Every structure is written in C-alpha cells, then in structure tokens.
Amino acid sequence: MIEERSQSIINQLKQLYPDFIIGTAASAHQVEGNNENDWTLFENKIGTIKNNDKSGKACNHYELYKDDFRDLSELGFSAHRLSIEWSRIFPKIDVISQSAIEHYRQVLSELKRLGLQSFVTLHHFTSPIWFMELGGFEKTKNLIHWKKFVELICQELGNLIDVFNTINEPFVYASTGYLNGIHSPGKKSLIKYFYVSNNLMRAHFQAVEIIRKICKDKPVGLVKNLAVFKNRRRNPIDWIITKIFDLGYNKIPLNSLKRKKIPFGFSRIKEGDMGDFLGINYYLIMEIGLGLPYFMNFFISGDSNLTQMGWGVYPYGLAEVLLRAYKITSLPLYVTENGIATEDDKWRIEFILDHLDSMINAMNNKVDVRGYFYWSNIDNFEWSEGFKPKFGIIEVDYSTFSRTTKESGKLLGSIAKFLRS
Ligand code: FCB
C-alpha cells in the first residue's frame, strides 16, 4: 500500500513538474548548538520553555553538519533548507566574525559537493542580542543593521547559495514574540505587533532589492506560514471570530506581499518587489469558537488525534492554502515546511503521503508548486516546547548526539531519489 502510494506520487510529480525537488528543513538555533542570541537570554528565564529546557548544544549540528548532510544525500534528498545565524556573523554591532563566515562557507560548500541545493533563510526567529537591545524590529531605523547583514551574506556567500529565503514566518515571529509573548522577547502589545509586522515586511522587500543587486541570478522569496481556520460551531459569532483570525493570519499578510506595501498602516508607498517565489509553511487546522469556561477558546483539532504540539492534522488544508496563495500572488510556490511532531513514525509516514497527495491535488488544479521540504531532517529544539516534540525523520540521541534514521526518512528519501534521477 505504502509502496503503491509512493510510486503514484513519484509518477504524478514527474509528470506535473519534472524538476520537482524534495528536501528537508531546519533552522540554525534549533540544531546548531552554542548560539548566543536573544533566545539564549529568553531560555534562561524560568518558565519560558517547557521543562525549563535550554537549546544548549542542541543537536551539535554546528560540528556534525557533514554527517547530517551525508545522511540526507545518502537517503536521496536533493535539497536542504537551513538558516544563517546573524548573531554568529555579527557578534557585536560593528564586529564581523570571519571565522563564522568561513564556517558557513564550508557548510554551503559541503551541500554543493553532495549535490544538495541550498535554500538559505536569512532570518529564522533569532536575532543578535545587541540588535534586540536597540529595539530589534520594533524600530524602522534598526533595519540599517539588517541590510548590512544581508549585503555581507550576499557578498561573502552568495555564490554558494542556490535560493534565498528572506524572513521565516514574519507574522508568527511578530505574534509569538510581541502579542502572546510565548517566544522571545516575550512582549505582549498589539501596537508592537503591528510595528514588528510592518518592519519585517519592509525587511523582506529590502532584502529582495539587495539580493537582486548583488546576487543577480539567485531566486529569492519570503516564507509565510498559512493555516486553515474553521468555525467550531455554526453560529454567527464563531463565524465572525474565525473570519477575523483568517484575515489577520492569512489574508492581510498575503495582500501585503502582493501589494508590496506594509500590512498595517495607511502608507501608500510601494516598498519593493515580492520576490521570485513564495515559500509556504503549513502544519495545521484551527477550529475557533467562543465558549465557556474562558471568554474565548481556541479549539485546535481536526480529523485526527492531536500531535505532540497539540495541533490538528488536516492534509487537505495544504491544497487549500496553496490554491489560495497562488490565486493571490501568482508566484511559484515551494512548500518550505510541513511536518508532524510524534513518536509514532507510522503516523508520520501517513502524514507525509497524505500531504504530498494534497499538494499534488493543488498542482492538478494548475498551482505552480516546485518543491516540498519536510520539517525537519532531525529532531531538534522546538522553541518554547523544548526538546519533547519529535518532528525529525532522523532521531537524535541527545546524550551521545548519535543519529538514527527513521522509516519515514527512508521512505521520503526514496521518493526524492526517484525524482532526482
Ligand atoms: C515553524 C517554524 C519552525 C518550527 C516548526 C515546527 O513555525 O518555522 O522553526 O518550529 O514551526
């Protein structure tokens, strides 16, 4: 059954988009270990992370990247999405670390040597401490430091990067860091949420401009998390609340990109250009309703059991969000993240096949999707949830840092390999 389904996925993808790539994704802070950024400070505050976990040495990927990439290449993958840690490159406002640049040069060269395309994210949730002390993305004038970072990466590493991702999930960053405060820097302010969202979109437009100038031929795009919202009950109040969520999370951000303007504000100024593609991160369905015992309840469920994140699985939603993003932006799309946190690897296999089918469904409806990246290649530090959620297709023993490939990794790798050949 699994083999037949995989074969059918391979056949359809080969037909729909012969250059389709299947890869994996991770971010620097979640896997590298020994980072010193705003999250390092955040993790040290009691009660911010489940079990008071700290990223610490994480997966020790900073030292073991060669082993990790070899595993991916041997499994059959053709691409890997990773991020460059800004705080390593600029440990101080006016200090550039040549050794960090050299490290990432080797990391990217290794991917090249193994024939893995590199999708490089420039900002994936973490920032240097000095940048946050200046007010981070709350202040538009701080974007000058962001631009310097992007310019430097283009100049120093641009020739080794295949595809640029500017900002990972700007609205998730703004809402978790500045609205509900569950991520660094742990603030709770609607005004700050608006400022940060606006500045992150500005940061995206600026990065596109810089990359176009310095790394002319390199594709660049934003990465946006999209979710499906359903009203829990069929009553007008739940319906309205659901619409508000959908507007804030999906519609306003996609329109901001399309109109090339900041999402919240009255500015008529076009800030730049959208980029060459849009990366979509898709994980869950949220059922929303108003109810007791709280004023507002967020019921997160779906057709199945909840994952270790408490998320509801809804494969068909992937087709829905791809169709929607394509309709609004007309940009080519990549699924830059999709994955499940579970110890049950059989469930992961089912999850992957169901989501690939759903993506193919969107492609059959003329949506231009060019790649799929599973989150994540290895189990890792899942932000405020600590180390408990297991997203990886490769398991990590955190006491020895040894890796063991799960069956799901072998399966997805074999699909990727068929497409590669
Ligand atoms: C996404 C993040 C990624 C990871 C997954 C599970 O929102 O981009 O870093 O935490 O969720």
Side-chain angles (χ1 to χ4, degrees), residues 23-33 35 37-39 42-43 48-50 53-55 58-59 61 80-86 119-127 165-180 182-184 196-197 200 204 221-229 249-250 253 278-286 300 306-314 317-318 321 325 334-343 347-348 351-352 355 372-394 396 408:
T24 52
S27 85
H29 189 71
Q30 292 174 275
V31 297
E32 282 183 349
N35 276 320
N37 54 37
D38 63 319
W39 267 82
F42 189 67
E43 290 160 21
T48 51
I49 316 290
K50 288 246 170 85
D53 282 355
K54 295 182 188 14
S55 57
C59 309
H61 173 77
H80 183 59
R81 177 172 171 240
L82 67 162
S83 71
I84 291 184
E85 180 59 38
W86 183 4
F119 277 56
V120 172
T121 312
L122 296 171
H123 189 271
H124 196 126
F125 291 177
T126 53
S127 304
N165 292 169
T166 55
I167 312 270
N168 181 68
E169 302 185 346
F171 298 85
V172 171
Y173 177 86
S175 58
T176 52
Y178 294 86
L179 201 55
N180 63 17
I182 61 168
H183 279 190
S184 170
V196 171
S197 303
L200 285 171
H204 164 69
L222 181 78
V223 171
K224 168 79 186 92
N225 184 304
L226 292 174
V228 173
F229 296 96
Y249 202 91
N250 297 322
L278 176 61
I280 306 286
N281 294 354
Y282 172 74
Y283 289 94
L284 54 89
I285 181 169
M286 285 192 211
I300 304 179
L306 301 183
T307 71
Q308 285 178 314
M309 298 292 284
W311 291 350
V313 175
Y314 180 54
L318 180 56
V321 300
Y334 286 92
V335 178
T336 33
E337 284 180 33
N338 174 238
I340 181 171
T342 177
E343 301 265 8
W347 190 13
R348 190 181 334 275
F351 177 99
I352 291 174
H355 283 78
Y372 172 93
F373 291 76
Y374 179 80
W375 181 277
S376 169
N377 57 316
I378 40 178
D379 292 337
N380 60 53
F381 176 73
E382 180 45 42
W383 308 114
S384 49
E385 296 295 316
F387 283 103
K388 188 151 183 264
K390 306 287 185 242
F391 274 98
I393 47 173
I394 294 176
V396 176
S408 53

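These numbers were taken from a predicted model, which means no experiment stands behind them. Indexing begins at 1, ligand by ligand and atom by atom, following the structure's order.
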Item to complete: Could you tell me which atoms of ligand 1, counted from 1 in the order shown, lie closer than 4.0 angstrom to a heavy atom of N168?
Response: 8 (O)
Worksheet entry | Atoms of ligand 1, numbered as shown, that sit under 4.0 Å from any heavy atom of F391 | 6 (C)
Fill in: Shortest heavy-atom approach to atom 6 (C) of ligand 1 - which of E382, H183, E169, Q30
E382
Worksheet item: Heavy atoms, side chains only, cut-off 4.5 Å: are R81 and V223 in contact?
Response: yes
Item to complete: Please work out which of the three classes, parallel, tilted or perpendicular, describes the rings of H29 and W39, given edges at 30° and 60°.
Response: tilted
Worksheet item: Which residue supplies the protein heavy atom nearest to atom 2 (C) of ligand 1, what is that atom called, and how far is it?
Response: E337 OE1, 3.4 Å
Practice prompt. Mind telling me whether Y282 and H355 have parallel, tilted or perpendicular rings, with 30° and 60° as the class edges?
Written response: tilted
Worksheet item: When rounded to the nearest 0.5 angstrom, what is the spacing between CZ in F125 and OG in S83?
Response: 10.5 Å
Discussion item. Less than 4.0 Å is my threshold; does some heavy atom of H124 fall inside it relative to ligand 1?
Written reply: yes
Worksheet item: Is the shortest side-chain N to carboxylate O distance from E382 to K50 below 4.0 Å?
Response: no
Worksheet entry | Identity and distance of the protein heavy atom lying nearest atom 5 (C) of ligand 1 | Y283 OH, 3.2 Å
